[in-house]
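Residues: numbered from 1 along the sequence shown. FYI, side chains are in, hydrogens and waters are out, and symmetry mates aren't considered; it's all heavy atoms of this structure. In this text the structure is predicted, and so the values were computed from the model without any measurement.
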Amino acid sequence: MSLSRRLFTLMLLVLLVFSFGIFFIQVNNTRDSLAERQRVELSNLAQSLSLALVPHVELGDAASAETLIRATLDGGYVRDIQLESVALPAPIAFDITRESQAPEWFQQMIPMPVETVSRELPGGWASLGTISLTGEPAQGHDDLWKLAKRLGLWLLLGGLLTLLVASLVMRRLLRPLDRLSARLNEMETQRFDAPLEETSVKELRGITSAVNRLGQRLHTQFEAQAAQLARLQRQAEQDAVSGLGNRGYLNRAVDEWLSEPLGGSFALLRVAQLEVVYQEQGYKGRDALLRAIAQRLEQRELAGEPIVAGRLANHDFGLLLPEADESALQAFLKGITEDIDRLLDANPMANSRPIGCVIGAARREPGMTRTQLFTVADTTLLQAIEHGSSVALAEEGDQARPRGEWRDVIEQSLERPDGLDFVAQPVLFNDGSELHRELFARLREGDQLHRAGDFLPVVRHFRLGARFDLHALEWLAAHVDGIEAPRLALNLTEETLDDEASFSGLISWLGVHPRLCKRLDIEVSESIALRHLERVKLLFRRARRLGARGGIDRFARELKELSYLEALRPDYVKIDQAFFKRDDVDTELLQSLCMTAHQVESLVIVTRVESEQDQARVMSLGADGYQGYVAPAVDVMARKP
């Protein structure tokens, strides 16, 4: 129970005790006063009757005596009357019954005392008789009941008004404390760099200042950790002259790219003119030109996505390019060569500009390794040089299916409820327990099932990702009861977050399916998180409210600081094991990666773990779990035989 509710409850109890105390004290005092008044009136009435009845009793006129008594006691506080005299043939006794308007429970809870008064009738030397009067409590109960209703109504209204005023005052007084509590929660789930406003409550000023200092200290520590990690990563994977990734970085990026269902191309860029510049201008001129070329490459985007560039040798660069049409790819590469040629052209008055750089590009094909890809790109580059061309593209293999055919198959499958099927690969903690199972889609074409690597590049090429993600979620919602795994993970495509309508539709869909969300982990790649930081932050926040979790896939691929982790604070991050297996990467960098993720309370999962030796290495460096061939993918649901 919150502090405000406890204070409100305590105040309510105090008011109840106080009100009941006032009620009973006031009612009891009034009852005693009414009882005393009744006793006095009975005494006076008995005294008056004892004198008034003497003439009638002396004559023995019982009828006149009774008439006098009834006339005198009409509407009084008397219930029973008894007149005894030797002068009367028989005692006169009767009662005046009167019902009280007060409820029976009230009369039992607060009983009125019944008084009896007797007086003798004077008759000279001897008494003529005795008259006895017994009081009637009905009138007293009626008066008490009226008082109780008025008093109870006043106490109720006064109590409600007091509680309302107290609630408003407490809310105002506790508002700084609520802000402190909210900020401490934000330190666990959100950013913690914005300071709290100063409070007017004296007792909370010190706490507010302490929380602000703590938040600033945590923010500074995280920034320092992220900056240190960026420095270590640059030392290990950045070319010192150009600022691009080095050969080790490019090898890792290509290996990770080939391990995922992505399309695209690899291009080898050779700038032979760099050697001439070095001979003419020395290393300073060459290095300045290298930095200018690197700046041009870093600014380039293909199909709305940045390219990955690295320096392989003295005058060779590697370019990892996203999926694009052949014409768009050709135009993009031609633009790079023309841009670099303008940098190399030292004689603007010449009639023709010499070819200063050449590019050979090869498309990714199923089953290709990094060595094969580099070999095809190098061969294509040599062919371009031999033919005097600035750009050359390797021919695609005969086994490649045309994208147009793939698009038709994909769209037909997305229109059918059974067009997709899934397998799930367990993601395990180091102790063997399960984090979740990551879903991998398969496309159904008749009786044939296509793996994700065959069709997902086409899905992304034609920007069908939003439809594909929604279809996958609808499939999960329809089959959730038959899925045995407690939690599932789904990796979203960029199209779902790139379009406002698709993103809003995803948020609405999650809100309509809370039962599935409680078993769902939503993943996005690091590149998507960097490009759509605010939307990913909103997605993770909404998903967590519904019981889902958020994760970052392909973590630490960018040669940038990881400050975005502070804003997103994902539940887990996934990093490729190629990062952990390389001998040219310092162990301190790998440990810093894990420490940086742990500082924002994110689990570190290493993917593509192929053996127990790989598993032992990632455990020794601080990772929390693993995913890979040691735990192969299985069917996502129990099938009916």
Side-chain angles (χ1 to χ4, degrees), residues 180-196 210-234 427 429-430 435-436 487 489 491-492 497 520-576 579-580 588-607 618-619 621-627:
L180 285 171
S181 177
R183 178 50 49 86
L184 291 174
N185 289 332
E186 288 177 0
M187 288 183 180
E188 295 182 351
T189 59
Q190 303 297 330
R191 298 180 66 90
F192 38 70
D193 52 348
L196 276 172
V211 170
N212 285 336
R213 289 194 301 271
L214 176 61
Q216 184 61 38
R217 188 178 305 156
L218 291 174
H219 177 64
T220 303
Q221 289 177 356
F222 181 83
E223 284 188 335
Q225 180 72 27
Q228 180 187 10
L229 176 59
R231 287 193 299 271
L232 292 173
Q233 190 171 4
R234 283 194 292 268
V427 177
F429 290 112
N430 294 332
L435 172 66
H436 60 226
R487 295 195 72 91
N491 205 313
L492 298 179
L497 289 95
L520 187 63
D521 292 345
I522 298 175
E523 297 180 8
V524 296
S525 66
E526 185 179 61
S527 59
I528 294 176
L530 290 172
R531 285 195 292 273
H532 306 283
L533 182 61
E534 292 303 321
R535 288 184 178 176
V536 174
K537 185 195 303 185
L538 176 60
L539 173 63
F540 283 4
R541 191 177 302 173
R542 295 287 180 86
R544 289 189 183 104
R545 291 175 184 173
L546 296 170
R549 297 185 297 205
I552 299 297
D553 194 16
R554 305 168 206 163
F555 176 64
R557 288 195 177 183
E558 304 289 336
L559 288 175
K560 300 177 182 178
E561 294 185 7
L562 301 177
S563 57
Y564 75 92
L565 284 179
E566 185 183 0
L568 294 182
R569 303 187 72 85
D571 295 284
Y572 60 91
V573 297
K574 290 184 176 180
I575 181 172
D576 195 276
F579 209 130
F580 285 74
E588 184 181 0
L589 171 59
L590 305 178
Q591 292 175 337
S592 295
L593 273 175
C594 296
M595 290 173 59
T596 302
H598 289 159
Q599 192 165 349
V600 293
E601 299 185 353
S602 299
L603 301 171
V604 178
I605 306 298
V606 181
T607 61
V618 300
M619 289 173 59
L621 293 173
D624 302 288
Y626 57 92
Q627 176 185 7

Asks: Residues in ring-ring contact (aromatic ring centres under 6.0 Å, His included) with Phe540, at least two apart?
Replies: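 Applying ring-ring contact (aromatic ring centres under 6.0 Å, His included) to Phe540 gives none.
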Asks: If the condition is side chain to side chain contact (heavy atoms under 4.5 Å, CB included), which residues does Asp553 pass it with, not counting sequence neighbours?
Replies: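 By the side chain to side chain contact (heavy atoms under 4.5 Å, CB included) rule, Asp553 matches Asn491, Glu523, Lys574.
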Asks: Could you pull out all residues at least two apart from Ser527 that satisfy side-chain hydrogen bond (donor to acceptor under 3.5 Å, both in side chains)?
Replies: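 Residues passing side-chain hydrogen bond (donor to acceptor under 3.5 Å, both in side chains) with Ser527: Ser525.
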Asks: In chain order, what residues pass the side-chain hydrogen bond (donor to acceptor under 3.5 Å, both in side chains) check against Arg542, with sequence neighbours excluded?
Replies: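 Counting only residues at least two positions away or on another chain, Arg542 forms no side-chain hydrogen bond (donor to acceptor under 3.5 Å, both in side chains).
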Asks: Output the distance between atom CD1 (Ile522) and atom CG (Leu539), rounded to the nearest 0.5 Å.
Replies: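 Interatomic distance, Ile522 CD1 to Leu539 CG, rounded to 0.5 Å: 5.0 Å.
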Asks: Measure across Met619 and Asn430 and return the closest heavy-atom pair with its distance rounded to 0.1 Å.
Replies: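 So the two residues come closest at CG-OD1, 3.2 Å.
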Asks: Nearest 0.5 Å, please: how far is OH in Tyr572 from CD1 in Ile552?
Replies: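 With rounding to 0.5 Å, CD1 (Ile552) is 9.0 Å from OH (Tyr572).
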Asks: How would you list, by chain and number, every residue that makes a side-chain hydrogen bond (donor to acceptor under 3.5 Å, both in side chains) with Asp521, sequence neighbours excluded?
Replies: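 side-chain hydrogen bond (donor to acceptor under 3.5 Å, both in side chains) check on Asp521 returns His436, Arg487, Arg549.
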Asks: Using a 4.5 Å cut-off on heavy atoms from C-beta on, say whether the side chain of Leu497 contacts that of Arg531.
Replies: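 No, their side chains stay 4.5 Å or more apart.
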Asks: Tell me whether Glu526 contacts the main-chain N or O of Ala556 through its side chain, where contact means a donor paired with an acceptor under 3.5 Å.
Replies: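 Looks like yes, one N/O pair under 3.5 Å.
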Asks: In Å, rounded to the nearest 0.5 Å, how long is the span from CZ of Arg535 to CD1 of Ile528?
Replies: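 One gets 12.5 Å once the value is rounded to the nearest 0.5 Å.
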Asks: Can you measure from CG (Asp571) to CD1 (Ile605) and round to the nearest 0.5 angstrom?
Replies: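 If we round to the nearest 0.5 Å, Asp571:CG and Ile605:CD1 are 11.0 Å apart.
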Asks: Can you find a pair of side-chain heavy atoms, one from Arg541 and one from Lys537, that are under 4.5 Å apart?
Replies: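 A side-chain contact under 4.5 Å exists here.
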Asks: Report the distance from atom CG of Leu520 to atom CG of Leu546, rounding to the nearest 0.5 Å.
Replies: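 CG of Leu546 is found 10.0 Å from CG of Leu520.
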Asks: How many angstroms lie between atom CZ of Phe555 and atom CG of Asp576, to the nearest 0.5 angstrom?
Replies: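 Interatomic distance, Phe555 CZ to Asp576 CG, rounded to 0.5 Å: 13.0 Å.
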Asks: Quick one: side chain to side chain contact (heavy atoms under 4.5 Å, CB included) partners of Val604, sequence neighbours excluded?
Replies: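 Residues passing side chain to side chain contact (heavy atoms under 4.5 Å, CB included) with Val604: Val573, Ile575, Cys594, Ala597, His598, Ala623, Asp624.
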